[in-house]
Amino acid sequence: MTPEDHARAAADLLQAESSREQIGLLTLRHPEMGMDDAYEVQNAICRQKLAEGRKVIGWKIGLTSKAMQYALNIDIPDSGILFDDMVFEHGATVPAGRFIQPRIEAEIAFVMKSAIGGENVSREDIIAATECVAPSIEILDTRIERVDPETGKARTVFDTISDNAANAGIVLGNDRHMVDAFDLRWVGALTFRNGEIEETGLGAGVLNDPVESVVWLARRMAQYGQSIEPGQVILSGSFIRPVECPSGTEIQADFGPFGSVDIRFA
């Protein structure tokens, strides 16, 4: 793909986000598309959002579970960018029409107190740079069709990465904990939709340890000359399958002694 191709794809995705009308698969438009192309499209979206006055508040990590990697035939996670207009308060209501096809995932969020980056970042470095961890919900949306209606071809990881890793919102619970207060591998969540249990999972589903997920992110960012900044929030990856959230959905993610997170979709 050329720089012009990247810019056009980014513009189309931004228009889709604004109009709430999905676009076709980028991988059909550009069969030669690769991982670097996908991140270039994502970065072009970021530049435009920054130019419009948005601020980067953190990063999300996706495809951290084996189940999701197998589904997309990929063996590494992906990442996306969190912006300031994506934040929803615990217990808030998402306005009707805000998203196209919203879904949610339950995750452990890291709030960073110091900058961290470099290709040799270690687990100990991440722990030292973390201010606290918290229960969280990630709201997903897709500005790209999940399946092409004519060919039946499903979107690939390159489509998803281009679409800012399908990220759309973040909800943090009120509880905050020191990073070593819990064994994060055993922190789990019972996720309810409209009062009925939908999904359960444990932190170990995230690369066997959510801390290792943040290690992966820091190392990946170093390849692109980026680093995690103080105060940023890192969504370390979901340990449940995405839960569909049509209008009228109420979500409760119960993390037990770790806390809880609620969100409603009008």
Side-chain angles (χ1 to χ4, degrees), residues 1 3-63 68 71-72 74 77-88 94-105 107 137-171 235 237-238 241-247 249 263 265-266:
M1 291 177 66
E4 291 75 19
D5 291 334
H6 299 147
R8 174 60 186 274
D12 288 349
L13 285 165
L14 286 165
Q15 176 60 29
E17 182 179 14
S18 175
S19 68
R20 310 293 189 264
E21 295 183 5
Q22 293 174 322
I23 66 171
L25 274 63
L26 294 177
T27 48
L28 280 180
R29 185 193 304 182
H30 300 285
E32 76 282 13
M33 183 178 226
M35 187 77 73
D36 288 342
D37 291 312
Y39 279 113
E40 282 298 327
V41 174
Q42 185 184 117
N43 288 336
I45 289 173
C46 181
R47 289 192 293 270
Q48 182 59 38
K49 285 182 176 285
L50 293 176
E52 294 171 356
R54 300 271 61 85
K55 295 180 180 179
V56 174
I57 62 165
W59 302 81
K60 63 88 43 114
I61 308 165
L63 302 179
M68 293 302 293
L72 289 176
I74 189 171
D78 69 356
S79 64
I81 306 164
L82 303 177
F83 296 95
D84 55 352
D85 60 343
M86 294 179 172
V87 177
F88 293 88
V94 177
R98 170 69 185 269
F99 301 121
I100 302 170
Q101 294 178 343
R103 299 183 292 169
I104 65 92
E105 294 178 332
E107 313 191 17
I137 285 174
E138 179 183 2
I139 302 173
L140 305 173
D141 199 13
T142 175
R143 279 68 62 169
I144 296 178
E145 293 175 331
R146 297 184 193 177
V147 178
D148 178 66
E150 294 185 6
T151 66
K153 182 180 184 296
R155 62 181 176 170
T156 75
V157 68
F158 303 141
D159 293 294
T160 303
I161 292 172
S162 299
D163 192 19
N164 197 23
N167 184 51
I170 173 177
V171 191
L235 295 179
S238 178
R241 292 179 299 177
V243 177
E244 301 283 350
C245 295
S247 180
T249 297
I263 191 73
F265 293 81

**Q.** Shortest non-hydrogen contact from Gly24 toward Ile144
**A.** O-CG2, 3.8 Å

Q | Asp78 side-chain N/O to Gly62 backbone N/O, donor-acceptor pair under 3.5 Å | A | yes

Q: Compare every heavy atom of Ala266 with every heavy atom of Ser247, then report the nearest pair and how far apart it is.
A: OG-O, 2.9 Å

Q: Kindly give the heavy-atom pair with the smallest separation between Phe158 and Ala38, and that separation in Å.
A: O-CB, 3.5 Å

Q. Can you name the side chain to side chain contact (heavy atoms under 4.5 Å, CB included) partners of Gln48, sequence neighbours left out?
A. Leu14, Glu52

Q: Taking the side chain as every heavy atom from C-beta outward, state whether Val94 and Pro102 have any atom pair closer than 4.5 Å.
A: no

Q) Rounded to the nearest 0.5 Å, how far apart are CD of Gln101 and CD of Glu145? A) 9.0 Å

Q: Kindly indicate, with the supporting measurements, whether the criterion side chain to side chain contact (heavy atoms under 4.5 Å, CB included) is fulfilled by Lys49 and Ile81.
A: CA-CA 11 Å; Lys49 285 182 176 285; Ile81 306 164; over 6 Å; no

Q: Using the side chain to side chain contact (heavy atoms under 4.5 Å, CB included) rule, take Met1 and Leu26 through it: C-alpha gap first, then chi angles, then the decisive distance, then the call.
A: CA-CA 11 Å; Met1 291 177 66; Leu26 294 177; over 6 Å; no

Q. Phe88 and Pro95: which non-hydrogen atoms are nearest, and at how many Å?
A. CE2-CD, 4.2 Å

Q. So does Glu105 pair up with Lys60, basic N to acidic O under 4.0 Å?
A. no

Q.
If we check side-chain contact (heavy atoms from CB on, under 4.5 Å) with Arg155, which of these qualifies: Thr142, Val147, Asp148?
A. Thr142

Q. Would you say Asp84's side chain and Lys55's backbone share a donor-acceptor pair under 3.5 angstrom?
A. yes

**Q.** Side chain proximity check, His30 to Asp37, heavy atoms < 4.5 angstrom
**A.** no

Q) Are Asp12 and Arg29 close enough, and set up right, to give a side chain to side chain contact (heavy atoms under 4.5 Å, CB included), and what steps lead you there? A) CA-CA 12 Å; Asp12 288 349; Arg29 185 193 304 182; 2.9 Å; yes

(Q) With a 4.5 Å cut-off on side-chain heavy atoms, are Val56 and Phe83 touching? (A) yes

Q) Are Arg54 and Glu17 close enough for a salt bridge, meaning some N to O gap below 4.0 Å? A) no

Q. Heavy atoms, side chains only, cut-off 4.5 Å: are Val243 and Arg103 in contact?
A. no

Q: Look at the side chain of Asn167 and the backbone N and O of Leu82, then say whether any donor-acceptor pair between them is shorter than 3.5 Å.
A: no

Q | Distance, nearest 0.5 Å, that separates CD of Glu40 from CE of Met35 | A | 13.5 Å

Q. With side chains defined as the heavy atoms from C-beta onward, is the minimum distance between Phe99 and Leu140 less than 4.5 Å?
A. no

Q: I would like to know whether Thr156 and Met33 meet side chain to side chain contact (heavy atoms under 4.5 Å, CB included); could you show each step before the answer?
A: CA-CA 10 Å; Thr156 75; Met33 183 178 226; over 6 Å; no

Q) Any donor and acceptor pair, going by atom type alone, linking the side chain of Asp163 with main-chain N or O of Thr160 inside 3.5 Å? A) no

Q. When rounded to the nearest 0.5 angstrom, what distance separates CD1 in Ile263 from CD1 in Ile139?
A. 5.0 Å

(Q) Working to the nearest 0.5 angstrom, can you tell me the gap between Ile170 CD1 and Glu138 CD? (A) 8.0 Å

**Q.** Minimal non-hydrogen separation, Pro77 against Ile61, with atom names
**A.** CB-CG2, 4.0 Å

Q.
Does any part of the side chain of Ile104, heavy atoms only, come nearer than 4.5 Å to the side chain of Thr249, both counted from C-beta?
A. no

**Q.** All side chain to side chain contact (heavy atoms under 4.5 Å, CB included) counterparts of Ile100, not counting sequence neighbours
**A.** Arg20, Gln22, Asp141, Arg143

Q) Which atoms form the tightest heavy-atom contact between Leu13 and Ser162, and what is the distance? A) CD1-O, 3.5 Å

Q.
Looking at Arg8, I'd like to know if its CZ atom is crowded, meaning that more than 12 non-hydrogen atoms belonging to other residues, nucleotides or ligands lie closer than 6.0 Å.
A. no

